[in-house]
Amino acid sequence: MAKDFTTREENYSQWYNELVIKADLADNSAVRGCMVIKPYGYAIWEKIQAQLDYMFKETGHVNAYFPLFIPKSFFSKEASHVEGFAKECAVVTHYRLMNSPDGKGVIVDPDAKLEEELIVRPTSETIIWDTYRTWIQSYRDLPLLINQWANVVRWEMRTRLFLRTAEFLWQEGHTAHATQKEAVAEAEQMLDVYAEFAEKWMAIPVIKGIKSPNERFAGAVETYCIEALMQDGKALQAGTSHFLGQNFAKAFEVQFLSKENKLEYVWATSWGVSTRLMGALIMSHSDDNGLVLPPKLAPTQVVIIPIYKTEEQLSLISGKANEIKKALKSKGITVKYDDRDTYKPGWKFNEYEFKGVPVRIVIGPRDLENGTVEVARRDTLEKAVYQLTDIETKIEHLLDNIQENLYQKALSFRENNTFQADSWEEFNQILDTTGGFVSAHWDGTPETEQLIKEESKATIRLIPLNNKLEEGKCIYSGKASTQRVLFARAY
RNA sequence: CGGGGUGUAGCGCAGUCCGGUUAGCGUACCUGGUUUGGGACCAGGUGGUCGAAGGUUCGAAUCCUUUCACCCCGACCA
């Protein structure tokens, strides 16, 4: 057990906050709601980025970069879009400072007021579609498959490290297509990319589905999403992909000439994941001993720690350790040999355990004699003695095994915390005791959805893709329903 | 925006009610020595003007006024 570390049982929320800070992932900054992502946390984000970027490119996308600032007028062009974001926009009104007349510090120069205010992007649909207008003339210009890695700002009332910060890092894909069918296929394809990434890389099982109209992205015709279940029984939206119809094309006058020489509006999608994924990663696997990382996203996959009494021993051990390091690297495994003599082994064990390094290898005099090493795995905290023969293959398998184990553990947690409710009482009882996903009938109206949300604090997380149709009665209104949807309290 | 809380050394805190030597403690950090298979030990040492501004007083971390910031819970949201 780590020193001075709150357990999940004691206070889940506090456990999360302490974990993020003590594992050196991020810190609060001098700016309200904005975090500093520290090197260790950023290294994980870079791994997330690298894999997603690879997957985007494999599916035909290219990267570009659009401005941080968006002219205010752009926001009024798509009615529901502005409605969705208006309440959380940071606005630039001036472009110059001056010395304060009273000699105390600086003030905004009143003469430097902008003609038109600039909005710090909360998302980039508007500036991108304004640009696409000039890029798209013909069906030959389509599809346009662009992604951007960027920061965005949403002035949230209340923030939490990684889960909800005023500024966050993300990627946003914005694609333009000649047909509705193609755009829908794109939105669905990117949802699949996200789901695959979540499950195979983050070891987080997700459910794919579509949002109810109330929860839909501002300006979208259909919002697809993946939802994951955290250890405290709350759901977390891990990624979204939107079919935007022709809404933005019409708002920004983006038309093209089809093969048939007809002027048509372009069909659009947008899709994104953010540093919130870091929150999902942390909450899915970590325990009361600290962070637990899936091997595929761990900045350091294996750490080697020497134990010695004399310089001679250290030199022999280092020789062996470097051989092992080299063998592991040949398998593409990221290894760190920590031979610092400024910290004791026990201190290092705890340090790497808290930071979630998947595998720890210990070599001491005893091992030198026996031709062995001690191998400890972070997910189960089990220790074992390994013969050195083919160590790289054994560790490679162990890492795969840990990756798989984390996924299975998260999957069975979700299965054990997914329930069916057939009455309003049962529904609330589940939410108030275990939490988790609750599959229940809903009459399909936004009014009922709103009332359920107000009274139970649970929202419709999604309507699962390929949902089974089933006659039933809405748990709230008692009206006829054709399918169950998934409810949960959410982040 | 409503409710609660906190600002004192890098970090975590005590001291504040009831004003009074040189503002303490743990940890971290530095030096030396002994240690090293689960957060070592001993000795010595560095570091703060108490969130900010104003006021009361012979004297303020402590009392009064104003103000700023951050955190937590809620409403809102990826």
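Residue numbers start from 1 in every chain, and the chains themselves are labelled A, B, ... in the order their sequence lines are given, proteins ahead of strands.
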Figure out the [atom1]/[atom2] separation between [X] and [N], and round it to whole Å.
X         : N      : atom1 : atom2 : result
Asn350(A) : A28(B) : CG    : P     : 13 Å
Arg489(A) : C76(B) : CZ    : P     : 13 Å
Trp347(A) : A40(B) : CH2   : P     : 10 Å
Lys22(A)  : G10(B) : NZ    : P     : 19 Å
Asp27(A)  : C71(B) : CG    : P     : 11 Å
Glu83(A)  : C76(B) : CD    : P     : 15 Å
Gln14(A)  : G5(B)  : CD    : C1'   : 13 Å
Lys348(A) : G39(B) : NZ    : C1'   : 13 Å

Atom [atom1], compared across [N] and [M]: separation rounded to whole Å:
N      : M      : atom1 : value
G4(B)  : A43(B) : C1'   : 46 Å
U62(B) : G7(B)  : P     : 13 Å
G20(B) : G59(B) : P     : 15 Å
G39(B) : A75(B) : C1'   : 43 Å
C13(B) : U8(B)  : P     : 9 Å

Of the listed nucleotides ([options]), which one gets closest to any side-chain atom of [X]?
X         : options                : value
Glu351(A) : U36(B), G39(B), G38(B) : G39(B)
Ser13(A)  : C76(B), G37(B), C72(B) : C72(B)
Lys344(A) : G39(B), U36(B), C29(B) : U36(B)
Lys457(A) : G38(B), G37(B), A75(B) : A75(B)
Tyr343(A) : C76(B), G39(B), C29(B) : C29(B)
Pro365(A) : G39(B), G37(B), G38(B) : G37(B)

Are Trp271(A) and His61(A) near enough that their ring centres are under 6.0 Å apart?
-> yes
Kindly say if Asn17(A) contacts the phosphate of C71(B), meaning a side-chain N or O under 4.0 Å from OP1 or OP2.
-> no
If you count the non-hydrogen atoms of other residues, nucleotides and ligands that lie under 6.0 Å from CD in Glu454(A), is the total more than 12?
-> yes
Under 4.0 angstrom, heavy atoms only, what part of the nucleic acid is [X] near: base, sugar-phosphate, or nothing?
X         : value
Arg360(A) : base
Asp341(A) : nothing
Thr223(A) : nothing
Gln237(A) : sugar-phosphate

The Watson-Crick or G-U wobble partner of U35(B), with both key distances under 3.5 Å, is none
What is the pairing partner of A14(B), taking Watson-Crick or G-U wobble pairs with both distances under 3.5 Å in any strand?
-> none
Working to the nearest 0.5 Å, report the span between CG of Leu236(A) and CG of Leu281(A).
-> 11.0 Å
Looking at Phe349(A), does the NZ or CZ of Arg360(A) lie under 6.0 angstrom from its six-membered ring centre and within 45 degrees of the ring axis?
-> yes
Just checking, Lys355(A) and Tyr40(A): is the charged tip under 6.0 Å from the six-membered ring centre and within 45° of the axis?
-> yes
Is any side-chain heavy atom of Asn405(A) less than 4.5 Å from a side-chain heavy atom of Arg377(A)?
-> yes
